[in-house]
Amino acid sequence: GAVVSQHPSWVICKSGTSVKIECRSLDFQATTMFWYRQFPKQSLMLMATSNEGSKATYEQGVEKDKFLINHASLTLSTLTVTSAHPEDSSFYICSARVASAYEQYFGPGTRLTVT
Amino acid sequence: AQKVTQAQTEISVVEKEDVTLDCVYETRDTTYYLFWYKQPPSGELVFLIRRNSFDEQNEISGRYSWNFQKSTSSFNFTITASQVVDSAVYFCALSGSGFKTIFGAGTRLFVKA
């Protein structure tokens, strides 16, 4: 089956630093990748949609200058949390989709803690 | 606009009881997919089922069964003879045009021994 990996699985960083999270589709080419954020005991909230080779589309209320998304290839998308603050601490999950398919394959998530 | 409503925030049952998790959705799309995911404490989503809007057949997989009714825009999930290992958060999700997946708030299921 389709496998999506995320790296790192967890990260602790100091306030004011930037953190990069990678999302890779291991055995398929993902034309579209999605980034979700999940706060404790809450649902997954879509942050942005990225298509390979083009700029990401951000959901309302998500700061694009704070959450930089790059989708440079059909197998890799990165989310960079810039100038992280404690309120950015969350569980970040990516998913990947192949062209013309509704099915999305989810990564295992990255737990970010900002101290 | 698309919306998924899971009205049950938490459900607590005793092992071997049957339990039904409700899901009601809203969409204007004629073609869409509905999903159920399980999220154990580790956080990784576990895919349970996908159903497209043209297939209203109910499905059974072991102790799990799903009832899809377009007339009431519902896609309910039943666990028969629940087990402690079923304890988790369960999400119902909808994917329509634009291919974004929208999640419900989730239902936290506690199964007590």
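- For the atom pair CD1 (I102(B)) and CG (L46(A)), the distance works out to 6.0 Å, reported to the nearest 0.5 Å.
- For the set A93(B), G106(B), G96(B), the count of heavy-atom pairs under 4.5 angstrom toward chain A peaks at G96(B).
- Cluster membership check: I21(A) does not share its hydrophobic cluster with V4(A), using side-chain heavy-atom separations under 4.5 Å among Ile, Leu, Val, Met, Phe, Trp and Tyr.
- Shown here is K20(A), whose NZ atom has no more than 12 heavy atoms of other residues, nucleotides or ligands within 6.0 Å.
- Heavy atoms of Y36(A) lying under 4.5 Å from chain B belong exclusively to its side chain.
- Considering CD of E59(A) and NZ of K100(B), their distance stands at 3.5 Å, rounded to 0.5 Å.
- For chain A, the nearby part of Q39(B) is the side chain; its heavy atoms alone come within less than 4.5 Å.
- Minimum interatomic distance between F99(B) and Q104(A) (heavy atoms only, all atoms of both residues): O-NE2, 3.0 Å.
- A single hydrophobic cluster is seen to contain both Y64(B) and V111(B), as judged by linkage of ILVMFWY side chains at heavy-atom distances under 4.5 Å, directly or through other members.
- Criterion: ILVMFWY side-chain heavy atoms under 4.5 Å apart, direct or through other members. Under it, Y105(A) and W35(A) are not part of a common hydrophobic cluster.
- The contact between L44(A) and chain B is made by backbone and side chain atoms together, counting heavy-atom distances below 4.5 Å.
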Exercise for review: Determine, stepwise, if the pair F106(A) / F103(B) fulfils ring pair (Phe, Tyr, Trp, His ring centres under 6.0 Å).
Suggested key: CA-CA 13 Å; F106(A) 286 84; F103(B) 286 79; 5.7 Å; yes

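- For Q6(A), no part lies under 4.5 angstrom from a heavy atom of chain B.
- Criterion: ILVMFWY side-chain heavy atoms under 4.5 Å apart, direct or through other members. Under it, L21(B) and V89(B) are not part of a common hydrophobic cluster.
- The choice from F47(B), Y32(B), F91(B) that makes the most heavy-atom pairs within less than 4.5 Å of chain A is F91(B).
- Heavy atoms of other residues, nucleotides or ligands lying less than 6.0 angstrom from NE2 of H7(A) number 12 at most.
- Atom CD of E87(A) sits in a crowded spot, with more than 12 heavy atoms from other residues, nucleotides or ligands closer than 6.0 Å.
- Scanning all heavy atoms of the two residues, the minimum distance from G104(B) to S43(A) falls at O-OG, 2.5 Å.
- K3(B) NZ: 12 or fewer foreign heavy atoms inside a 6.0 Å radius.
- Looking at heavy atoms from C-beta onward, Y33(B) lies out of side-chain contact with E103(A) at the 4.5 angstrom threshold.
- The two residues S42(B) and R111(A) come nearest to each other via the heavy atoms O-NH2, 4.1 Å.
- V19(A) and F91(A) fall into different hydrophobic clusters, where Ile, Leu, Val, Met, Phe, Trp and Tyr residues are linked whenever their side-chain heavy atoms come under 4.5 Å apart, directly or through other members.
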